[in-house]
Asks: 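To start, I am sharing the structure in question, which I have written as structure tokens.
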Number of protein chains: 2
Amino acid sequence: MAEAAGNGRAGTKGAQLRSYLLGLIEGELKPHEKLPTERDLAETFGVTRLTVRRALDQLGYEGRVYRTQGAGTFVSEPRIAKSVELTSFTQDMRARGLVPGSLDTVVEEIPAGAEIGARLALSPRDLVAHISRVRTADGEPMCIENTYVPSKLAPGLAARGITGSLYQMLTETYHLKIEKAEQSIHATVLDPPLAKLLGVPEFSPAFKVLRVAYDARNQRIEYAESVYRADRYSYDFVIFRTSRDNTN
Amino acid sequence: MAEAAGNGRAGTKGAQLRSYLLGLIEGELKPHEKLPTERDLAETFGVTRLTVRRALDQLGYEGRVYRTQGAGTFVSEPRIAKSVELTSFTQDMRARGLVPGSLDTVVEEIPAGAEIGARLALSPRDLVAHISRVRTADGEPMCIENTYVPSKLAPGLAARGITGSLYQMLTETYHLKIEKAEQSIHATVLDPPLAKLLGVPEFSPAFKVLRVAYDARNQRIEYAESVYRADRYSYDFVIFRTSRDNTN
DNA sequence: TCGAAAAATTGGGCTACACCATTTGACGGC
DNA sequence: GCCGTCAAATGGTGTAGCCCAATTTTTCGA
């Protein structure tokens with residue numbers, strides 16, 4: 001592995017450290033084995049403890065390690081899945097070792113209308129690119145996706161069409177980097193037409209996911225409504241008790 | 001100890017700062033208004049910028065503020081719900097201004113068996129307290145909850161019975177503080193008996209949530225299987241792009 | 001007058017150090 | 001041999017200050 005992401009040295013020291021630690025976690029160490037101490041890591045990498053802590057804290061938040069005061073930092077048991085990270089369908093499938101694809105892709109430019117406009121903080125008259133497609137993994141339908149992107153942020157997107165990853169195109173062509181998203185997950189059942197599209201029995205359970213994605217400047221880039229087959233999907237994540245409120 | 005018990009001042013400086021900032025966010029400031037700068041906060045509170053940053057970063061992670069380099073830190077639009085935080089049903093309902101309750105509570109002590117044992121990392125023969133109840137909000141059924149706690153961690157729990165919040169009892173009686181949980185959310189439909197318990201039509205959509213909860217020492221405290229009415233529940237959260245991988 | 005360049009502001013990352021809180025393990029008394 | 005005590009190890013919180021990167025504001029010239 002050692003993805004290293006192009007760029008020889010990888011960005012910050014914290015990021016380098018993170019890569020190294022991920023290597024340890026996925027390579028040498030087994031679950032519940034102890035990582036080097038913060039002070040050791042700081043010394044061997046020539047950075048401060050604070051920098052080490054930031055990297056370890058992040059991994060802790062992602063559920064890859066757990067930390068106990070006085071004892072040490074330990075590798076977590078392997079995660080089943082990970083929905084805490086922001087990924088596109090394409091990334092998600094590739095991470096699972098599946099080949100992502102699309103069926104019935106339709107791209108059009110339409111006025112946002114009331115609902116989509118509200119989601120993207122646009123006037124109902126503003127134009128958006130609407131991408132509708134059935135997403136597949138290894139050729140099998142997995143979800144139905146309707147994505148909306150403000151035309152003024154990505155002019156000509158509708159004309160250009162979508163080949164693979166929308167996120168990739170947004171990044172490379174329009175320099176729009178999505179950094180954050182608000183997601184709302186609902187449970188539903190598939191009505192006959194949707195069930196047929198996904199190739200499952202009518203009234204099968206499904207997830208309906210609404211997502212508003214933002215860039216670093218809190219600008220709304222994308223609104224997406226997706227319907228996922230529940231037999232192939234689950235959401236798995238780690239949550240923490242945040243503050244020290246005694247309000248039980 | 002003793003120090004922060006009554007907590008007139010709340011424990012750490014970071015926590016005090018957090019409280020103050022939450023006050024600002026929920027009180028004086030409106031969405032998209034600018035918070036004081038890190039340097040200002042540091043000075044007025046007599047703490048370092050690092051301490052301020054930690055508090056602000058945490059709020060950012062929780063989606064209550066957003067930060068833009070060079071510009072400032074701003075209040076986010078109000079959250080619809082929050083599932084990023086670890087709460088008990090009781091806490092969750094109270095936070096929404098509803099009165100939590102229980103129906104048909106059954107508490108028994110049984111051997112863990114294969115599945116529950118695996119979830120709690122116990123031998124199938126080890127005893128667990130099994131609590132089964134229909135949770136209500138303002139008297140209306142909201143979810144069906146089956147909770148399992150290792151008997152050796154909470155001896156006598158089955159005999160003692162449950163009155164209100166299990167989490168509260170675990171904390172106060174057994175000094176078991178849950179700090180982290182792994183949650184897995186599935187979509188399903190309600191079979192007739194469950195539908196009847198929840199007072200909704202048969203085959204209504206629902207969430208099935210599996211949760212393993214840990215304390216600070218990564219000890220498994222609780223395993224819970226819950227079924228929530230989908231018409232009353234959704235999961236809403238904020239996700240971030242974690243690292244700087246260009247692997248689109 | 002307006003736009004581009006320069007300066008100030010503000011968050012992001014890091015160094016170096018200090019002390020506290022909890023856990024672990026070794027030592028020693030019984 | 002067992003168990004309590006105490007010191008060492010380890011993560012948690014905090015101070016003080018530095019430079020960098022992105023954004024916003026100001027300045028100044030065409």
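The structure presented is a predicted model; accordingly, all values stated were derived computationally and were not measured.
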Asks: In whole Å, what is the span from the CZ atom of B:R53 to the P atom of C:dC14?
Replies: 11 Å
Asks: Can you tell me if B:T12 touches the phosphate of D:dG12, counting only side-chain N or O atoms and a distance under 4.0 Å to OP1 or OP2?
Replies: no
Asks: Describe the nucleic acid contact of A:L56 in one word from base, sugar-phosphate, nothing, applying a heavy-atom distance below 4.0 Å.
Replies: nothing
Asks: Determine, for B:E182 against B:R211, whether the closest basic-nitrogen to carboxylate-oxygen distance falls under 4.0 angstrom.
Replies: no
Asks: Separation of A:R18 atom CZ from C:dG13 atom P, in whole Å?
Replies: 13 Å
Asks: Taking for each residue the nucleotide of DNA chain C bearing the nearest heavy atom, is the 5' side occupied by A:R49 or by A:T68?
Replies: A:R49
Asks: Would you state whether a donor and an acceptor, one from the side chain of B:R54 and one from the base of D:dG12, lie under 3.5 Å apart?
Replies: no
Asks: Closest approach to the side chain of B:T73, judged atom by atom: which nucleotide of D:dG11, C:dC14, C:dG11 is it?
Replies: C:dG11
Asks: Give me the residues of residues 30-46 of chain A where at least one heavy atom lies under 4.0 Å from an atom of DNA chain C, by number, or none.
Replies: A:R39, A:G46
Asks: Before you tell me yes or no, could you show the steps for B:Y233 and B:D92 under side-chain contact (heavy atoms from CB on, under 4.5 Å), namely the whole-Å CA-CA distance, both residues' side-chain angles and the distance that decides it to 0.1 Å?
Replies: CA-CA 12 Å; B:Y233 266 91; B:D92 195 13; 3.8 Å; yes
Asks: Using atom CD of B:Q69 as one end and atom C1' of D:dT23 as the other, report the distance to the nearest whole Å.
Replies: 8 Å
Asks: Given atom NZ of A:K13 and atom P of C:dG12, what is their separation to the nearest angstrom?
Replies: 19 Å
Asks: Between B:T51 and D:dT13, does any side-chain N or O lie under 4.0 Å from OP1 or OP2?
Replies: no
Asks: Starting at atom CG of B:L50, determine the distance to atom P of C:dA16, rounded to an integer number of angstrom.
Replies: 16 Å
Asks: A:F74 has an atom CZ; how far is it from atom P of D:dG11, in whole Å?
Replies: 8 Å
Asks: Are A:Y148 and A:H130 an aromatic pair by the rule of ring centers under 6.0 Å?
Replies: yes
Asks: Determine, for B:D215 against B:K180, whether the closest basic-nitrogen to carboxylate-oxygen distance falls under 4.0 angstrom.
Replies: no
Asks: Can A:Y20 and A:F45 be said to form a ring-ring contact (aromatic ring centres under 6.0 Å, His included), step by step?
Replies: CA-CA 10 Å; A:Y20 170 75; A:F45 276 82; 4.8 Å; yes
Asks: Using a strict threshold of under 4.0 Å (side-chain N to carboxylate O), is an ion pair present between B:E62 and B:R18?
Replies: yes
Asks: For B:Q58 and D:dT13, give me the distance from atom CD to atom C1', rounded to whole Å.
Replies: 15 Å
Asks: Round to the nearest Å and state the distance from A:R67 atom CZ to C:dA21 atom C1'.
Replies: 15 Å
Asks: Is the closest basic N to carboxylate O distance between B:R220 and B:E179 below 4.0 Å?
Replies: no
